[in-house]
Amino acid sequence: MKKLWGGRFEEPTDALIESLNNSLAFDSRFWRQDIAGSIAHATMLGTTGILAADESAQLVAGLHQLRDDLEAGTVALPPDAEDVHTAVEGLLKERLGAVAGKLHTARSRNDQVANDIRLYLRDECDVLETKLQEFQQTLLDIAEREMETILPGCTHLQHGQPVVLAHHLLAYFWMLDRDRERLADTRKRVNRLSLGAGALAGTGFPIDRHQVAELLGFEAVLENSMDSVADRDFLIEFLSFASILAMHLSRLAEEIIIWNTPEYGYILLDDAVTTGSSIMPQKKNPDVAELVRGKVGRVYGDLITLLTLMKGLPLTYNKDMQEDKEPVFDAIDTLNLVLPALQKTLATAQFKKERMLAAARGDFSTATDLADYLARQSLPFREAHEVVGKIVRYCIEQGITLEDLDAPTLSTFHPLLAVNTQNAQAALTLQYSVSARTSYGGTAPSAVRVQWENAKARLNNRA
Ligand code: ARG
């Protein structure tokens with residue numbers, strides 16, 4: 001396919017250099033956005049009188065037809081074109097002849113490519129927003145069922161205090177909620193018009209950038225033509241969002257992997273989301289969760305690639321920036337794969353309430369509750385902590401659990417335990433411990449129900 005810039009050259013480009021230079025292999029992904037941008041540009045060239053009305057109309061009709069034919073597969077982008085912009089313009093020329101050459105009036109590929117990727121990313125932000133909402137809905141559904149399911153709550157992966165499973169899973173709801181906030185905020189800066197910047201300095205033609213922005217649904221027009229063609233912040237912001245989201249998913253994936261081990265046995269993963277081993281017939285591996293955990297590495301890599309790519313680039317456009325696309329596509333593809341995969345893993349998992357409860361029994365995780373009980377009897381918390389520490393040590397020496405302590409023994413540890421000993425014993429039960437944590441955002445089922453309602457309202461309000 002003929003190049004857009006052959007005029008000043010005597011010799012053809014070396015084949016090896018062409019394979020380095022050409023970007024069609026990856027930028028063909030946004031041919032729809034390239035055509036949409038051209039339709040808006042051609043329309044504006046007509047309304048401003050830069051092109052005659054019939055020329056503008058021919059271009060717009062030709063672009064519509066080309067879009068339909070590409071969509072139907074009756075025509076294809078020529079694989080030897082330098083990039084998607086060249087490919088689209090070349091096909092238009094085959095159809096319309098010389099007038100196709102007027103489409104590029106008052107435009108450069110520098111403002112065009114920035115425009116295309118903004119349109120493309122805006123669409124992808126909306127796809128991801130929907131997938132995030134669906135993931136949150138799954139978390140809400142499971143939380144609703146598991147409002148009273150007790151399991152050990154951990155710090156340092158050591159049993160800390162018992163919590164309910166709904167509380168644990170809703171923690172991920174709020175992580176994804178912040179991801180959605182970041183995505184929406186990123187989208188604002190994606191949704192700005194670069195077209196009309198020309199190569200870098202603007203144009204002498206009487207263009208109307210605001211009209212183009214309106215036609216393409218952009219919220220604003222970028223103020224500086226040099227910034228318009230040189231800015232890739234919006235891609236870096238998107239990859240930051242993607243990295244944080246991927247990190248959240250990897251944390252959940254890791255918990256699923258741990259919970260699925262025979263030692264824990266908190267969940268049983270469905271056959272549809274696990275795989276076997278070629279040598280060990282008994283194996284059922286949590287590959288989905290492992291891949292979600294593993295794929296975070298490439299998303300971080302995509303972010304670092306782009307940060308490194310842009311570092312130190314002088315104004316304005318530099319060809320280095322052609323390398324901005326593949327990391328963004330990779331992050332988008334990865335998220336579009338792992339979000340629904342992990343969601344399915346969760347949605348089809350069986351949660352083993354009895355195993356969770358058994359793990360929380362006898363784990364000394366109600367020790368804080370006994371200390372709180374003594375503190376409520378006006379013993380300074382530090383002293384209460386000391387007393388309960390001695391009780392825990394005694395239990396460990398005797399090989400018994402806190403719940404096993406009989407009233408006479410418990411009474412010996414402190415005068416305050418010698419009165420109303422049955423209340424102190426009650427404080428040591430898991431149900432008491434969980435139900436007592438009624439503070440806002442706490443794990444008591446009554447508080448978790450409030451949290452769940454707030455989460456639900458949040459999901460519905462922003463949907
Ligand atoms: N394929 C190029 C890119 O992705 C399009 C812009 C080319 N501009 C240029 N001045 N060579 O960045």
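Every number for a ligand or one of its atoms is a count from 1 in the order of the listing.
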Query - Option with minimal heavy-atom separation from atom 1 (N) of ligand 1, where the choices are E323, Q322, K325, M321 - result: Q322

Query - Enumerated ligand 1 atoms positioned under 4.0 Å from heavy atoms of S23 - result: 1 (N)

Of the protein's non-hydrogen atoms, which lies at the shortest distance from [atom], and what is that distance?
atom	value
atom 10 (N) of ligand 1	N110 OD1, 3.0 Å
atom 6 (C) of ligand 1	Y317 OH, 3.5 Å
atom 11 (N) of ligand 1	R109 NH2, 3.9 Å

[Y] versus [X], side-chain donor and acceptor atoms under 3.5 Å:
X	Y	answer
D141	Q137	yes
D287	T275	yes
Q211	T47	yes
T186	R182	no

Requested in this report: Verify the neighbour count for atom NZ of K93: are there more than 12 heavy atoms of other residues, nucleotides or ligands below 6.0 Å?
Outcome: no

